[in-house]
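Worksheet for the structure shown next.
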2 protein chains.
Amino acid sequence: MKQKIRIGIVGYGNLGKGAELAINNQPDMELVAIFSRRKLNSTASGVPAVSVDDAAQYQDKIDVMLLCGGSATDLVNQGPQFATLFNTVDSFDTHAKIPQYFAAMDQAAKAAGKAVTISVGWDPGLFSLNRLLAGAVLPQGTDYTFWGKGVSQGHSDAIRRIPGVKDGKQYTIPKDEIITAVRAGQQVSATSQESHIRDCYIVAEQGADHSAIETAIKTMPNYFVGYETHVTFISEEEFAKNHSQIPHGGFVFRSGHTSQGTNHVLEFALRLDSNPEFTSSVLAAYARATFRLASHGFKGAATVFDIPYAWLSPKSGEELRKDLL
Amino acid sequence: MKQKIRIGIVGYGNLGKGAELAINNQPDMELVAIFSRRKLNSTASGVPAVSVDDAAQYQDKIDVMLLCGGSATDLVNQGPQFATLFNTVDSFDTHAKIPQYFAAMDQAAKAAGKAVTISVGWDPGLFSLNRLLAGAVLPQGTDYTFWGKGVSQGHSDAIRRIPGVKDGKQYTIPKDEIITAVRAGQQVSATSQESHIRDCYIVAEQGADHSAIETAIKTMPNYFVGYETHVTFISEEEFAKNHSQIPHGGFVFRSGHTSQGTNHVLEFALRLDSNPEFTSSVLAAYARATFRLASHGFKGAATVFDIPYAWLSPKSGEELRKDLL
């Protein structure tokens with residue numbers, strides 16, 4: 001039997017916990033340890049919890065390390081540090097900083113002889129792949145991206161900072177009529193503000209002024225002004241029952257033509273019950289590809305654009321051609 | 001300025017004519033000539049029409065040859081012949097014969113030092129890529145493929161062979177309620193027969209027995225028996241006006257879970273006004289990738305699974321990371 005790909009996880013928040021599930025769903029991978037800055041008593045799957053400070057001792061025991069920290073706070077520094085020790089996969093998603101993060105990771109990995117894949121997930125990640133593919137096939141056309149229905153962490157945080165709000169969650173929802181129009185090949189010029197609804201569920205403090213909270217939300221610049229915003233007050237029980245998940249998803253379209261009046265629409269859509277569990281499942285598939293990149297002698301940083309799909313699958317080329325082509 | 005990728009087209013049916021449009025839509029490609037067994041008077045774009053027998057004289061003038069013949073009749077022999085002379089891209093789509101076609105193309109191309117990409121298009125092709133990706137990300141799940149709304153050439157031919165039928169066209173249409181159920185993450189066990197409607201438009205001969213024609217269609221084994229089949233008789237004028245196009249499309253879904261009760265649905269959908277114009281646009285993008293495969297020294301046969309998306313685009317790695325990731 002072939003030896004399994006040995007995986008480590010750095011970070012044990014939502015993404016790291018999702019990665020733990022994802023690795024255990026993969027037939028050819030083995031989770032070795034979970035590394036955290038916090039002192040963990042145990043892990044859900046029973047693998048050892050190890051301090052990040054001791055990660056270097058695992059260099060010979062781990063083939064690929066999944067970096068499950070956040071972009072802003074963790075990855076900027078953690079990424080290049082780990083790239084000197086391990087092949088890595090991360091979900092760096094601060095779009096404007098991707099070029100400089102790529103450069104830092106490429107330099108660190110090249111110097112250490114490691115292969116690292118950055119900005120893996122669904123956006124950036126699977127959505128990016130579909131934008132590239134569709135644009136290459138239909139050079140004459142327009143791209144559309146819609147997000148949701150899904151939880152926006154940033155908007156939920158903003159709501160919770162309003163006085164009188166005990167808990168709150170904001171769902172971004174693309175407008176059905178706009179999706180339908182794009183799907184039908186119509187030219188749509190709606191802005192992101194015009195294309196999405198912001199749907200808020202609020203648990204108010206005892207005695208709080210609901211209408212003041214609603215006004216504070218709807219007039220919040222950058223976050224809500226300009227959007228169709230719905231605010232619903234609910235009980236703590238209902239919040240716990242119906243709003244404890246982190247669903248997300250979205251749509252990437254390209255609508256283009258190959259000759260006068262001959263139009264084509266490509267659509268890629270995701271409907272995800274759990275954003276972190278799905279994102280980390282994408283990381284797991286790219287861990288396999290990164291292991292193969294490294295096995296082929298690649299040294300430096302790659303993105304999803306650089307990796308053939310065959311390397312994402314545990315199947316051989318023969319099996320893939322027979323079963324999936 | 002960088003030299004353009006020099007392309008030739010073999011075959012000038014619907015697919016070859018689509019390829020001619022597709023190459024002219026690509027910013028970095030130049031169409032050199034169109035090769036045909038028939039004697040062509042001219043081409044739509046004005047490039048030279050050349051006999052296939054003279055193709056060998058173009059070895060130094062063409063970087064990639066698009067083979068636009070049919071799988072059954074042309075490619076089986078033509079593919080390996082051309083692979084000894086050119087880097088090629090084809091749309092071989094007889095699924096059961098792909099392994100042996102791959103072997104024949106691989107052998108011919110390796111011996112001649114060429115790079116060839118086989119079975120390019122949307123199914124096989126883009127649908128295959130999505131099946132691979134979704135299965136790698138969600139190992140626990142179910143794949144669904146639906147075709148249409150689109151013209152089935154085989155079923156249209158079968159209709160036209162019925163006595164009393166002057167002209168006819170059959171559209172395959174996936175059932176909305178099944179698509180909706182899969183999209184919502186429901187487990188659907190419908191067969192292909194249960195999932196699709198066969199919608200027929202018939203121009204009958206003067207005096208023909210419409211009910212006999214309808215019965216002949218609905219009782220035709222293999223083609224229509226077991227399907228919900230609709231038959232509509234229309235005039236020759238209406239047929240010419242509304243049924244002269246070759247639209248197609250379809251849906252690939254994977255519905256899977258990452259933990260108990262946490263489900264995810266991936267969907268890739270195409271809505272195409274012209275099957276041959278879109279298929280040949282995919283060939284054009286893979287011509288670029290095949291040119292790069294060859295430039296990197298690859299010799300032999302590849303499929304869409306083996307090619308990183310970056311090679312489909314005229315943009316550089318830096319541009320792709322900045323614009324699309």
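By convention in this document, chain letters (A, B, ...) are assigned in the order of the sequence lines, proteins followed by strands, and residues within each chain are numbered from 1.
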Exercise. When you look at CD of Glu30(B), are more than 12 heavy atoms from neighbouring residues, nucleotides or ligands closer to it than 6.0 Å?
Worked result: yes
Problem set entry | Flag, side chain of Thr94(A) to backbone of Ala96(A), donor-acceptor distance under 3.5 Å | no
Exercise. Hey, which of Leu129(B), Leu138(B), Asp306(B) has the most heavy atom pairs under 4.5 Å with chain A?
Worked result: Leu129(B)
Exercise. Among Ser281(B), Ala284(B), Ser313(B), which has the most heavy-atom pairs under 4.5 Å with chain A?
Worked result: Ser281(B)
Exercise. Using a cut-off of under 4.5 Å for heavy-atom pairs, which of Val137(B), Ile118(B), Leu270(B) has the most such pairs with chain A?
Worked result: Val137(B)
Problem set entry | Aromatic ring pairing Phe127(A)/Trp122(A), orientation class (parallel under 30°, perpendicular over 60°, tilted between) | perpendicular
For this session: Between chain B and each of Gln245(A), Lys322(A), His264(A), count heavy-atom pairs under 4.5 Å; write down the option with the most.
Result: His264(A)
Problem set entry | Interface moiety of Glu277(A) toward chain B, non-hydrogen atoms closer than 4.5 Å | both
For this session: Keeping to residues at least two apart or across chains, list the side chain to side chain donor-acceptor pair (under 3.5 Å) pairs with something in residues 19-29 of chain B.
Result: Tyr12(B)-Glu20(B), Glu20(B)-Ser45(B), Gln26(B)-Arg288(B), Asp28(B)-Arg288(B)
For this session: Report yes if the side chains of Leu31(A) and Ile34(A) come closer than 4.5 Å at any heavy-atom pair, otherwise no.
Result: yes
Exercise. Considering heavy atoms only, which positions within residues 178-187 of chain A lie below 4.5 Å of chain B?
Worked result: Arg183(A)
Exercise. What part of Ile307(A) gets closer than 4.5 Å to chain B, counting heavy atoms only: side chain, backbone, both or neither?
Worked result: backbone
Exercise. Using 4.0 Å as the upper bound for N to carboxylate O, is an ion pair formed by Glu267(B) and Arg254(B)?
Worked result: no
Exercise. Can you list the steps and then say if His257(A) with Gln140(A) is a side chain to side chain contact (heavy atoms under 4.5 Å, CB included)?
Worked result: CA-CA 6 Å; His257(A) 64 274; Gln140(A) 324 295 330; 3.7 Å; yes
Problem set entry | Toward chain A, the part of Thr303(B) with a non-hydrogen atom under 4.5 Å | side chain
For this session: Could you tell me whether a side-chain N or O of Glu319(A) sits under 3.5 Å from a main-chain N or O of Ser316(A), the two making a donor and an acceptor?
Result: yes
For this session: Answer whether the closest heavy-atom distance between the side chains of Val116(A) and Val89(A) falls below 4.5 Å.
Result: no
Exercise. Please walk me through it: do Thr279(A) and His248(A) pass side chain to side chain contact (heavy atoms under 4.5 Å, CB included)?
Worked result: CA-CA 10 Å; Thr279(A) 299; His248(A) 220 309; over 6 Å; no
For this session: With sequence neighbours excluded, tell me which residues meet salt bridge (charged side-chain N to carboxylate O under 4.0 Å, His left out) with Lys110(B).
Result: Asp106(B)
Exercise. Leu283(B) versus Cys68(B): any side-chain heavy-atom pair under 4.5 Å?
Worked result: yes
Problem set entry | Asp143(A) with Arg131(A): basic N within carboxylate O range, under 4.0 Å | no
Exercise. Just how far is it from atom OG1 of Thr117(B) to atom CZ of Phe305(B), taken to the nearest 0.5 Å?
Worked result: 13.0 Å
Problem set entry | Contacting moiety of Phe102(A), where chain B heavy atoms sit under 4.5 Å | side chain
For this session: Specify which of Asn263(B), Ile98(B), Asp323(B) makes the most heavy-atom pairs with chain A at under 4.5 Å.
Result: Asn263(B)
Problem set entry | Thr262(A) versus chain B, the contacting section by heavy-atom distance below 4.5 Å | both
For this session: Taking all non-hydrogen atoms of both residues into account, name the closest pair between Ala134(B) and Leu266(B) and its distance.
Result: CB-CD2, 4.0 Å
For this session: Measure the spacing between OH of Tyr309(B) and CG of Leu132(A) and express it to the nearest 0.5 Å.
Result: 8.5 Å
Seminar exercise, completed: Highest number of heavy-atom pairs under 4.5 Å with chain B among Pro247(A), Ala285(A), Ala136(A) belongs to Ala136(A)
For this session: Pick whichever of Gly317(B), Ser259(B), Pro314(B), Gly249(B) has the most heavy-atom pairs under 4.5 Å with chain A.
Result: Ser259(B)
Exercise. So which residues of residues 290-300 of chain A are in contact with chain B at a heavy-atom cut-off of under 4.5 Å?
Worked result: none
For this session: Go through the atoms of Leu126(B) and report whether side chain, backbone, both or neither lie under 4.5 Å from a heavy atom of chain A.
Result: side chain
For this session: Under 4.5 Å, counting heavy-atom pairs only, tell me which of Phe268(A), Phe278(A), Phe251(A) racks up the most with chain B.
Result: Phe278(A)
For this session: Please determine, among Leu325(B), Leu324(B), Asp123(B), the option with the most heavy-atom pairs under 4.5 Å with chain A.
Result: Leu325(B)
Exercise. Any side-chain heavy atom of Asp93(B) within less than 4.5 Å of one from Ser119(B)?
Worked result: no
Problem set entry | Side chains of Met105(A) and Pro80(A) in contact at under 4.5 Å (non-hydrogen atoms) | yes
Seminar exercise, completed: Comparing Leu312(A), Val252(A), Leu320(A), Val304(A) against chain B, the one with the most heavy-atom pairs below 4.5 Å turns out to be Leu320(A)
For this session: Name the option with the most non-hydrogen atom pairs under 4.5 Å to chain B; the candidates are Ala269(A), Pro124(A), Ser255(A).
Result: Ala269(A)
